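None of the values given here were measured: they were computed from a predicted structure. Excluded from the calculations below are hydrogen atoms, water molecules and symmetry mates; all remaining heavy atoms, backbone and side chain alike, are included.
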Amino acid sequence: MQNTAHAAGTDGPELVDTAPMIEDLYPALATLREAGPVHRIAGTDGRPAWLVTRHEDVRRLLADPRLALDKRHAAPGNDRGFSLPPALDANLLNMDPPDHTRVRRLVVKAFTPGRVERMREPVRRIADELLDAIESEGRADLLAAYAGQLPIIVICDLLGVPQRDQRDFRAWSDALITPDPARPQAAKEAVGSMLRFYTGLIEKKRAEPGDDLLSDLIRVRDDEPGDGDGRLTEDELTSLAFLILLAGYENTVHLIANSVLTLLDHPTVLQELRADPGGLAAAFDELARYEGPASLGIRRFPLEEIEIGGVTIPAGETVLLSMASAHRDPAQFKDPDDFNPHLGRSGHLALGHGIHYCLGAPLARMELEIALAALVRRFPGLRLDVPREELRWRPSIRARGLISLPVAW
């Protein structure tokens, strides 16, 4: 039977409670996935949204041009995601063609595979220095001391952010990604701080360019020929810097920490990778599938009425694509709740699909491989320092990340 939704604020299907997804993500998603392919939920900002749970639908919709990312297509009263000023909101995650095509084409000129490959040795050096700093302690919160440090140093070096300016960034990111209900103004304050930071940084780089990605983006902005339609606007430049730093930091932190926990939960695989670190590159896809950092894709808005799994969704309503559910879908993956890098399971969506496939995918792969290789080589006795059941996940349906990861060696 077809289930037809109505515009937000009118009669329609009862909202599914998302609390179980925060308390125990994968069993809650399995229940929803088995019950149906699409469910009406309270979205990331509490407003109504549609959650798509099955791999076939999620993959198809990631590349469906009828689903827009631009928030101008959102109907009133629906979940619109982050509320950002124009100077931070003109980024690739809020763009559709032709603007998306134009901006991505320009960014690719600066974000080259060659630049990422040149970073391999510096990333190894950073990983070793971070482990040097904690080795004698015998224990640490690996999220704070390693997984949370490596990506911010790497992405700031890539963009040319001075080291003295890196210390506040994690606090801003946490306030934005996982808002504290007790401090409702914290996210707004973080956005204001970020805007001032990026605006000032671009001004400095424009005056004194360096051999870094942000200087290259500024050159693309300032030197690209055309009448304005074929080049970056100033808001697009600032928004790109914001997106690259936020996405390059936030997702990689939790990809590393989640992967370490996965390996500690599977000591046989950990021992194999310790004996042959070359296997880490091949293990990336299974690690990203099994416990990826993004539970949801970026919200989307149908440009016209669409049907998903027998459910008709009107234009403008919010659609959320559940990567976490798709990655545990038995219709796509054999024994999806088991972690096994030897199966060569393909089809994960952790890096996106279609025109919005992650620009930073080569960097994410390289960082995870180096971070894990350095860790397993240096600390052969690595183990959890608390009972497994005491670990806590961030209270978010958007992001899958630990609050801390206490380990010993």
Exercise: identify the closest heavy-atom pair between [X] and [Y]:
X      : Y      : result
Asn340 : Arg345 : N-NH2, 3.4 Å
Arg388 : Leu384 : CD-CD1, 3.7 Å
Leu405 : Leu402 : CD1-CD1, 4.0 Å
Leu150 : Ala127 : CD1-N, 3.9 Å
Arg274 : Phe379 : NH2-O, 3.6 Å
Ala408 : Asp385 : CB-OD1, 3.7 Å

Just checking, is any N or O donor in the side chain of [X] or [Y] under 3.5 Å from an acceptor N or O on the other one?
X      : Y      : result
His254 : Arg394 : yes
His356 : His100 : yes
Ser295 : Arg400 : no
Asp212 : Ser215 : yes
Tyr198 : Glu203 : no
Arg72  : Asn94  : no

### Query
Would you say the side chain of Cys156 lies within less than 4.5 Å of the side chain of Leu245, judging by non-hydrogen atoms?
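Yes, close enough: below the 4.5 Å cut-off.
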### Message
I'd like to check Val376 versus Leu273 (side-chain heavy atoms, cut-off strictly below 4.5 Å). Are they in contact?
### Response
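A side-chain contact is absent here, since even the closest heavy-atom pair is not under 4.5 Å.
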First locate atom [atom1] of [X], then atom [atom2] of [Y], and finally report the distance between them rounded to the nearest 0.5 Å.
X      : Y      : atom1 : atom2 : answer
Leu142 : Ser404 : CG    : OG    : 10.5 Å
Asp329 : Arg33  : CG    : CZ    : 5.0 Å
Gln332 : Ser346 : CD    : OG    : 6.5 Å

### Query
Within a reach of under 6.0 Å around CD of Glu208, are more than 12 heavy atoms found that belong to other residues, nucleotides or ligands?
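12 or below, so no.
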### Working for side-chain contact (heavy atoms from CB on, under 4.5 Å), residues Val107 and Leu359
CA-CA 9 Å; Val107 176; Leu359 267 174; 3.7 Å; yes
### Task
For the pair Arg125 and Asp132, find out whether any cationic side-chain nitrogen is under 4.0 Å from an anionic carboxylate oxygen.
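Looking at Arg125 and Asp132, the cut-off is not met.
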#### Entry: Short N-O contact, Arg40 and Glu14, less than 4.0 angstrom
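No salt bridge links Arg40 with Glu14.
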### Query
Cation over ring, Arg66 on Phe301, under 6.0 Å and within 45°?
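Verdict for Phe301: no cation-pi partner in Arg66.
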### Cation-pi check, Arg289 onto Phe333 ring (under 6.0 Å, within 45° of axis)
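Checked: cation-pi criterion met.
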### Message
Using side chain to side chain donor-acceptor pair (under 3.5 Å), reason through Thr262 and Asp265 one step at a time and then give a plain yes or no.
### Response
CA-CA 5 Å; Thr262 297; Asp265 283 341; 5.8 Å; no
